[in-house]
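Please read the structure below before turning to the comments.
The figures that follow rest on heavy atoms only: side chains count, while hydrogens, waters and symmetry mates do not. On a predicted model such as this, the values are computed, not experimentally measured, just so you know. Chain A is the first sequence line, chain B the second, and so forth, proteins listed ahead of strands; every chain is numbered from 1.
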Amino acid sequence: MLDELKILRDHGIQYVKDLRGATLTPLFRGRPVVNLEVPQADVDALVSMCPSKAIGSSPLSIDLGKCVFCRECEFAFPTAIQFTNDFRIAANRREDLIVRAGEDKPIRLDESAIRPEIRKTLRNSLKLREVSAAGENSGEMELNAAGNVNFDMGRFGIEFVASPRHVDGVVITGPISANMAQALQVCFDATPDPKVVVLVGSDAISGGLFADSPALDRSFVEAHHIDLYVPGNPAHPLTFINGLMDMLGIEDR
Amino acid sequence: MNQYHQYVRIKGNPATVKLADIPMLEYDLFFEQAIHILHNPDCRCVSYFAKPDNGALTCFIVLSDGAGDIIIYGYRCNERATLPSLTAKIPAMHIYEREIAENFGVTFEGHPWLKPVRYPYNRSYSDWMDSYPFYRIDGTELHEVGVGPIHAGVIEPGHFRFICNGEKVLHLEIQLGYQHRGVETLMADDSSLLKKTILSENIAGDSAVSHGLGFALVTEALSGVEVDERLAQERVIAQEMERVAVHIGDTAALCGDVAYQLGQVVCEALRTVMINTTQFWCGNRFGKGIIRPAGTRYPLTADVRDEIVKNLTKVKREYGQFTDRLFSLPSVLARFEGIGIVTTEQARGIGAVGMAARTSNLNRDTRKSNPYLAYRNLEHEPILMDSGDVMARAKLRADEVVQSIDRVLDMLDKLDYQATSATPNFGLAFAPDTLAISLVEGWRGEICHVAITNDEGAIDHYKVKDPSFHNWFALALAVRDQEISDFPICNKSFNLSYCGNDL
Ligand code: SF4
């Protein structure tokens, strides 16, 4: 027992106090900023180099729902694109994930698009079932980390639990393989209303690098309303938790 | 010439060979020679796959002779051919033959277990996940327990089917394939080298550095790029940091499964320190972005060194203090010792690699047997355990954490911080009609990447092998005769990859 107390004392306090205001290392790849004045030849080169087809032209833009945050576009054209370490990049409308040239503004949820029953029923307690649908497990590990001693999203009553019968929503990682499509649907059907659907990571949001793979079946995403998109490769725990806090209307703590 | 020496032997790791130099034998001779070579306990198969071409198949077998050399040869046959099975004589071949059978409809006669591996979209003769032919035992005393594909925790999916007598597990069968994304197909399409690089980092996120390295080594070998000494060292440092982070995370999971909550949170916090150090270096907690072909975007500067030294010193002290405590707690020992034993014979029989082999006293470590990059100049002594149980797998992690941290600190001490490495090159030109292979010791074990180029130098076949491909069977053996309630801890003690297997 004394040994345990000594370990506790030596290891100190671990939790991140201010989940809204935390700062990540400058190199963390968060929200990009895209410049307005980029020669057309460079725009074309950027569009064709991007491995996930996230870059669009006229105007030059980056779709964070497709981007895998490799940062290679910035290395190739540092004057056109810069990644900031702003980790608050979750949105509830798919089109808000697109960062356009000349727009350097924070990404936030559209309050008017949040279903009222979410805040009314789930604000103080949100239990979630996670389905890894061909996620390569860094995304899953980051979701586990969101509940660990550092990020501790349990302080808001947010928690992952085992049974879909006990939850208020489904969180999906991975591009959704054909082999997981049915299990995902079964899990969703077993979840009582009102339920939220959250897509975490570029793979889940758009198929990411796997968008063209014949092994996927993404019909689930097309068929259901998505309440929250959390970009990343993988999504950082702070991105996930802040997105949920925004959705639930939790100010800060 | 000895009739059993019809192969090409190549040295080094990574290595390349011209396709024209690989002997293609009649299947009978292929078969005899494989058995002859694999009867030597030091030799083992590191890859065996078929490359399709209009209904015909060219099959390659890649063997390691245990002394640093790679042996390659092959045979040709047609899709849906019927051939005698190697598995009947060499059980470790079971998974390779199953894969070829699944993809191309080849029937391996005498194979005791010719079942689907992953039900890919190009499945040749199987129809659907639900039709998996589980092994069954009829008997009124026995019951079956099915778990998954979606598991209780936030982890990847797979299906486990237990046959139990009361609490006792008679048999466990593991059905995988839910994570199948078509990785190998995408690696061989006409996409850019950049896209393939990032794909390789996403084969298994917990091994982003190691799989990324497997791919980078193959591309460099195909284009004749010599990596400079500095980069060779940085990559090894990144790989060892990945190992430390995952081992500590696994220690947390093992503690969680025996309800030792303090241990769980202490290790979670220490893992956070590790991956945040990696994030400081490259902006990503899993090291995505560190490994690039022929160069680096994130040189290991003196600033990065200071951060690594500070944090690894702290982690080593606190993790050491904690594991001393962990391995002296009677309640933990009671749950770790003698549970989930895999014997040396079993491990060798199924072709176990990496941690799963070394904890059963089987000395398999690519860093020693086929050293690459800076390992060529390091005296690496693999850590071995002889009890083959959960305790061995927990202790191996604890010991490897110390070994890896010491290695990183030592290497950082000797780095020349004035030296600079090249920047990545995504315009590499590959040698045509060539097979390239790399072996990398990920934290789970041996990772094997093979690329084959066509006459224009484009990759037109790609084969990835994660250690889990062999080691899932070790888990199935470990739980035999155990209580079913010991399954979670046995599972965590191996921590195998679903995505890496399903590809
Ligand atoms: S960082 Fe995103 S937008 Fe830029 S190249 Fe990579 S995937 Fe494309």
Side-chain angles (χ1 to χ4, degrees), chain A residues 3-4 6-8 10-11 14 24-25 27-29 49 51-52 68-72 75 83 85 129-145 148-150 160 162-164 174-175 177-180 182-184 187 203 208-210 212-216 233-234 236, chain B residues 118-122 129 149-157 177-183 185-186 189 191-192 194-195 197-199 202-206 208 249 262 265-266 268-270 272 276 279-286 288-289 297-298 318 321-322 325 423-424 426 497-499 502:
Chain A
D3 283 333
E4 258 85 15
K6 182 168 175 338
I7 289 172
L8 268 180
D10 286 359
H11 291 228
Q14 300 285 345
L24 293 177
T25 167
L27 284 179
F28 176 78
R29 310 159 210 162
M49 75 164 284
S52 63
V68 291
F69 298 85
C70 67
R71 209 174 154 218
E72 293 293 339
F75 286 116
F83 276 79
N85 64 349
R129 172 63 247 186
E130 201 272 344
V131 180
S132 167
E136 39 76 323
N137 109 351
S138 61
E140 291 75 0
M141 292 203 307
E142 289 297 56
L143 291 177
N144 277 318
N148 75 11
V149 58
N150 304 104
F160 287 106
S163 170
S177 59
N179 291 346
M180 268 308 282
Q182 191 190 0
L184 172 59
C187 176
D203 290 355
L209 292 173
F210 300 94
D212 297 330
S213 169
L216 304 189
N233 178 37
H236 195 280
Chain B
R118 54 179 78 99
Y119 284 101
Y121 53 89
N122 59 350
M129 301 299 280
I150 302 177
H151 299 300
V154 181
I155 57 166
E156 298 173 76
Y178 293 94
Q179 299 285 76
H180 176 59
R181 299 161 291 171
V183 169
T185 310
L186 297 176
D189 68 8
S191 61
S192 65
L194 169 60
K195 177 164 178 185
T197 302
I198 298 169
L199 260 174
N202 286 280
I203 288 170
D206 54 26
L262 177 77
V265 297
V266 161
E268 277 174 356
L270 289 174
T272 306
N276 282 350
Q279 183 176 245
F280 181 86
W281 179 2
C282 75
N284 181 286
R285 305 216 295 170
F286 296 82
K288 290 179 179 179
R297 296 292 190 203
Y298 299 99
E318 295 186 359
Q321 174 198 37
F322 165 72
R325 179 72 185 143
T423 49
F426 295 107
S497 176
Y498 300 80
C499 257
D502 295 350

| task | Flag the one option from A:Asn85, A:Asn148, A:Asp212, A:Asp203 with the top tally of heavy-atom pairs under 4.5 Å to chain B. | result | A:Asn148
| Can you find a pair of side-chain heavy atoms, one from A:Ser213 and one from A:Pro175, that are under 4.5 Å apart? | no
| query | Pick from B:Pro149, B:Ala204, B:Gly249, B:Ala152: which one has the most heavy-atom pairs with chain A under 4.5 Å? | reply | B:Ala152
| field | Derivation and outcome, side-chain contact (heavy atoms from CB on, under 4.5 Å), residues A:Phe210 and B:Val183 | value | CA-CA 8 Å; A:Phe210 300 94; B:Val183 169; 3.9 Å; yes
| Which answer fits B:Tyr298, side chain, backbone, both or neither, if we ask what part of it has an atom under 4.5 Å from a heavy atom of chain A? | side chain
| task | Below 4.5 Å from any heavy atom of chain A, which atoms of B:Phe280 appear? Answer side chain, backbone, both or neither. | result | both
| Do the side chain of B:Arg118 and the main chain of B:Gly177 share a donor and acceptor less than 3.5 angstrom apart? | no
| note | Heaviest contributor of heavy-atom pairs below 4.5 Å to chain B, chosen from A:Asn233, A:Leu143, A:Leu24, A:Val68, is A:Asn233
| query | With only heavy atoms counted, which part of A:Pro164 is less than 4.5 Å from chain B, the side chain, the backbone, both or neither? | reply | neither
| request: Measure distances from A:Phe160 to the heavy atoms of chain B and classify the residue's part below 4.5 Å as side chain, backbone, both or neither. | output: side chain
| field | Option that, when pairs with chain A are counted at under 4.5 Å, heavy atom only, ranks first among B:Asn202, B:Ile155, B:Asp189 | value | B:Asn202
| message | Taking every non-hydrogen pair under 4.5 Å, which of B:Asp206, B:Asp502, B:Thr423 racks up the most with chain A? | response | B:Asp206
| query | Does B:Arg297 make a cation-pi contact with A:Phe75, if we ask for NZ or CZ under 6.0 Å from the ring centre and within 45° of the axis? | reply | yes
| Atom group of B:Leu199 that falls short of 4.5 Å from chain A, counting heavy atoms | both
| Given the options A:Arg71, A:Met49, A:Glu72, A:Glu140, which has more heavy-atom pairs under 4.5 Å with chain B than any of the others? | A:Glu72
| Any idea which of A:Gly135, A:Cys187, A:Ala133 has the most non-hydrogen atom pairs under 4.5 angstrom with chain B? | A:Gly135
| note | chain B shares the most heavy-atom pairs under 4.5 Å, among A:Val149, A:Leu184, A:Asn144, A:Asn137, with A:Asn137
| query | Under the side-chain contact (heavy atoms from CB on, under 4.5 Å) criterion, do A:Arg129 and A:Ser163 qualify, and how do the steps go? | reply | CA-CA 7 Å; A:Arg129 172 63 247 186; A:Ser163 170; over 6 Å; no
| note | Heavy-atom closest pair (A:Phe83 atom, A:Arg29 atom, distance to 0.1 Å) is CD2-CB, 4.2 Å
| request: Heavy-atom pairs under 4.5 Å with chain A are the metric here; pick the option from B:Cys282, B:Ser497, B:Gly153, B:Ala208 that has the most. | output: B:Cys282
| said: With side-chain contact (heavy atoms from CB on, under 4.5 Å) as the criterion, how do A:Glu136 and B:Ile203 come out once you've worked through the C-alpha distance, each side chain's angles and the decisive distance to 0.1 Å? | reply: CA-CA 6 Å; A:Glu136 39 76 323; B:Ile203 288 170; over 6 Å; no
| Which atoms of B:Leu270 come close to chain A, meaning under 4.5 Å heavy atom to heavy atom: side chain ones, backbone ones, both, or neither? | side chain
| Mind checking whether A:His236 and A:Phe28 have parallel, tilted or perpendicular rings, split at 30° and 60°? | perpendicular
| note | Rounding to 0.5 Å, atoms CZ (B:Arg285) and OG1 (B:Thr272) come to a distance of 6.0 Å
| query | Do you know which two heavy atoms are closest between B:Lys195 and B:Ser191, and how far apart they sit? | reply | CD-CB, 3.9 Å
